[in-house]
S.K.: 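There's a structure below that I have some questions on.
When a residue number appears, it is its place in the shown sequence, counting from 1.
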Amino acid sequence: MSATLQTTQAVVTGTAGPQRRVKRKTWKTIIWLIAMIVLAAVILYPLLWLTLATLKPSSEFGTNPGLIPEQPTWQNFVRVSEGIAGVPMWRFFWNTIVLSVVATAATVISHALAAYAFARIRFKGSKILFTCMIATLLLPFHVVIIPQYIIFNNLNLIDTYIPILIGKFLATEAFFVFLIMQFIRSVPRELDEAARIDGAGHARIFFSIMLPLIVPTLTTVAIFTFLGQWNDFFGPLLYLTSPENYPLSMALKMYNDQTSVSDYGATTAASFIALVPVLLFFVIFQRFIITGMSSGAVKG
């Protein structure tokens with residue numbers, strides 16, 4: 001009788017409805033949490049498999065596709081530390097760092113200047129040049145591979161970093177120029193006019209006024225450029241021929257060469273070592289990616 005009276009009172013006072021809604025929301029939260037855990041497990045499984053596969057001997061890769069190694073060994077890391085083709089692993093790391101840092105700095109500077117020119121400077125043919133720049137997004141990269149290689153070969157620049165880096169200094173990434181330009185356009189022109197009244201030119205306006213304002217977007221460009229150059233394989237494969245000039249992406253290919261005996265254990269260990277800096281870099285700077293991508297869509 002007491003339970004019936006309490007239920008009747010809850011219905012009369014109107015508290016039964018909110019309680020049911022709270023329970024419904026709780027179950028929805030639990031279901032979403034379980035779904036997110038399952039999705040995270042599916043996404044992170046390849047990374048977990050790679051981490052544990054670094055402890056597998058090469059002979060085990062064809063017989064044990066599972067997660068846990070049957071005969072764990074640290075020899076894969078020992079062989080990776082010794083290097084390959086007479087080149088130590090630290091040299092591959094150094095080459096990758098040089099390429100990534102130089103490419104990032106050159107991309108940020110050149111693309112910021114190009115974006116400012118399109119957004120703030122009026123000159124003849126600016127609209128045509130901007131249209132041609134955007135049209136390069138529709139041009140397949142494979143179309144220009146052979147002409148570029150012939151040009152660099154005639155200039156005796158093969159097996160150097162110049163063919164890989166020269167485009168970074170010339171603002172050839174149309175998407176980055178467009179991204180920075182959209183953010184610059186959101187900055188009020190009154191700031192430029194006030195600076196001109198004080199006698200500032202375009203260089204002073206860019207470095208003193210515009211550059212501090214576009215730091216979030218430039219950070220996004222720098223992150224994407226660094227990650228892209230760190231993982232680049234096609235450029236070094238096309239233009240580099242000496243192992244001592246190879247970055248990490250080419251070093252991984254050398255461990256797994258189909259023309260000779262493939263060392264799958266060393267390949268997984270080297271892949272894990274090459275992946276760790278990228279993961280740390282992304283975890284540290286992921287908030288800057290979100291901030292930079294969203295800031296260009298906000299009109300000031």
S.K.: Is there a side-chain contact between Thr268 and Lys56 in this structure, where contact means two heavy atoms from C-beta onward sitting under 4.5 Å apart?
M.R.: no

S.K.: Taking atom CG of Leu179 and atom CZ of Phe224, what is their separation to the nearest 0.5 Å?
M.R.: 9.0 Å

S.K.: Phe118: which residues meet the ring-ring contact (aromatic ring centres under 6.0 Å, His included) condition with it, sequence neighbours left out?
M.R.: Phe130

S.K.: Side chain of Arg91, backbone of Glu244: donor and acceptor closer than 3.5 Å?
M.R.: yes

S.K.: If you compare all heavy atoms of Asn76 against all heavy atoms of Ala53, which two are closest, and at what distance to 0.1 Å?
M.R.: ND2-O, 4.3 Å

S.K.: What's the separation between atom CG in Asn153 and atom CG in Asn156, rounded to the nearest 0.5 Å?
M.R.: 7.0 Å

S.K.: Is the backbone of Thr107 close enough, under 3.5 Å, to the side chain of Thr225 for a donor and an acceptor to pair up by distance?
M.R.: no

S.K.: Are the side chain of Thr219 and the backbone of Val215 linked by a donor-acceptor contact shorter than 3.5 Å?
M.R.: yes

S.K.: What's the verdict on side-chain contact (heavy atoms from CB on, under 4.5 Å) for Phe152 and Ile166, showing C-alpha distance, side-chain angles and the deciding distance?
M.R.: CA-CA 11 Å; Phe152 290 128; Ile166 191 171; 3.8 Å; yes

S.K.: Kindly compute the distance separating OH (Tyr239) from CD1 (Ile164), expressed to the nearest 0.5 Å.
M.R.: 8.5 Å

S.K.: Measure the spacing between CZ of Phe272 and OG1 of Thr267 and express it to the nearest 0.5 Å.
M.R.: 15.0 Å

S.K.: Is it the case that the side chain of Asn154 and the backbone of Ile150 share a donor-acceptor pair, with hydrogens and angles ignored and the cut-off at 3.5 Å?
M.R.: yes

S.K.: Any side-chain heavy-atom pair from Met89 and Ser81 closer than 4.5 angstrom?
M.R.: no

S.K.: So if you build clusters from Ile, Leu, Val, Met, Phe, Trp, Tyr with side-chain heavy-atom gaps below 4.5 Å, do Val80 and Val78 land together?
M.R.: no

S.K.: State whether the side chain of Glu60 and the backbone N or O of Glu70 hold a donor-acceptor pair below 3.5 Å, judged by distance alone.
M.R.: yes

S.K.: Run the side-chain contact (heavy atoms from CB on, under 4.5 Å) check on Leu237 and Met250 step by step: do they pass?
M.R.: CA-CA 7 Å; Leu237 176 65; Met250 289 295 294; 3.9 Å; yes

S.K.: Is any side-chain heavy atom of Met210 less than 4.5 Å from a side-chain heavy atom of Arg120?
M.R.: yes

S.K.: With side chains defined as the heavy atoms from C-beta onward, is the minimum distance between Ile214 and Tyr116 less than 4.5 Å?
M.R.: no

S.K.: Would you call the rings of Phe226 and Phe281 parallel, tilted or perpendicular, where under 30° means parallel and over 60° means perpendicular?
M.R.: parallel

S.K.: I want to check something: taking the side chain as every heavy atom from C-beta on, are Ile30 and Leu33 in contact at a cut-off of under 4.5 Å?
M.R.: no

S.K.: Check each of Asn231, Leu99, Leu252 against Pro247 using the side chain to side chain contact (heavy atoms under 4.5 Å, CB included) test, and report the only one that passes.
M.R.: Leu99

S.K.: Does a side-chain heavy-atom distance below 4.5 Å link His202 with Arg196?
M.R.: yes

S.K.: Tell me the closest heavy-atom pair linking Ile209 and Leu191, and the distance in Å.
M.R.: CD1-O, 3.9 Å

S.K.: Spell out, yes or no, whether Phe178 and Leu137 are grouped together once hydrophobic residues are joined by side-chain heavy atoms under 4.5 Å, including indirect joins.
M.R.: yes

S.K.: Give a yes or no answer on whether the side chain of Thr220 reaches the backbone of Pro216 with a donor-acceptor pair at less than 3.5 Å.
M.R.: yes

S.K.: When you measure from the side chain of Thr217 to the backbone N and O of Ile180, does any donor-acceptor pair fall under 3.5 Å?
M.R.: no

S.K.: Find the distance between CE (Met254) and OG (Ser249) and round it off to the nearest 0.5 Å.
M.R.: 11.5 Å

S.K.: Between Trp230 (side chain) and Ala274 (backbone), is there a donor-acceptor pair under 3.5 Å?
M.R.: yes

S.K.: Please check this pair: side chain of Tyr161 against backbone of Asn245, looking for a donor-acceptor N/O pair closer than 3.5 Å.
M.R.: yes

S.K.: Side-chain heavy atoms under 4.5 angstrom apart, residues restricted to Ile, Leu, Val, Met, Phe, Trp, Tyr: same cluster for Leu238 and Leu139?
M.R.: yes

S.K.: Locate the shortest heavy-atom distance separating Gly167 from Thr172; write the atom from each residue and the value.
M.R.: O-OG1, 3.0 Å

S.K.: Quick one: do Lys168 and His111 satisfy side-chain contact (heavy atoms from CB on, under 4.5 Å)? Show the steps, please.
M.R.: CA-CA 8 Å; Lys168 312 297 183 182; His111 289 69; 5.8 Å; no

S.K.: Compare every heavy atom of Ala112 with every heavy atom of Leu218, then report the nearest pair and how far apart it is.
M.R.: CD2-CB, 3.8 Å

S.K.: Are any non-hydrogen side-chain atoms of Leu170 and Ser110 less than 4.5 angstrom apart?
M.R.: no

S.K.: If you compare all heavy atoms of Thr54 against all heavy atoms of Ala269, which two are closest, and at what distance to 0.1 Å?
M.R.: CG2-CA, 3.8 Å

S.K.: Any chance the side chains of Ser242 and Asp159 put a donor and an acceptor closer than 3.5 Å?
M.R.: yes

S.K.: Find out if a path of hydrophobic residues (ILVMFWY) with successive side-chain heavy-atom gaps under 4.5 Å connects Phe233 to Val278.
M.R.: yes

S.K.: Give me the atom names and distance for the closest heavy-atom approach of Arg79 to Ala266.
M.R.: NH2-N, 3.9 Å

S.K.: Is there a side-chain contact between Leu55 and Thr73, using heavy atoms and a 4.5 Å cut-off?
M.R.: no

S.K.: Rounded to the nearest 0.5 Å, what separation is found between the CG atom of Leu48 and the CD1 atom of Ile43?
M.R.: 14.0 Å

S.K.: Would you say the side-chain atoms of Ser100 pair up with the backbone N or O of Ile97, donor to acceptor, closer than 3.5 Å?
M.R.: no

S.K.: Check ring-ring contact (aromatic ring centres under 6.0 Å, His included) between Tyr246 and all other residues, then give those that pass, not counting sequence neighbours.
M.R.: none

S.K.: With hydrophobic residues grouped by side-chain heavy-atom distances under 4.5 Å, do Leu138 and Phe141 end up in a single group?
M.R.: no

S.K.: Would Tyr149 and Ile158 count as a side-chain contact (heavy atoms from CB on, under 4.5 Å) here? Give the steps.
M.R.: CA-CA 8 Å; Tyr149 185 87; Ile158 301 299; 3.7 Å; yes

S.K.: Counting only heavy atoms not in Leu39, do more than 12 fall under 6.0 Å of its CG?
M.R.: yes

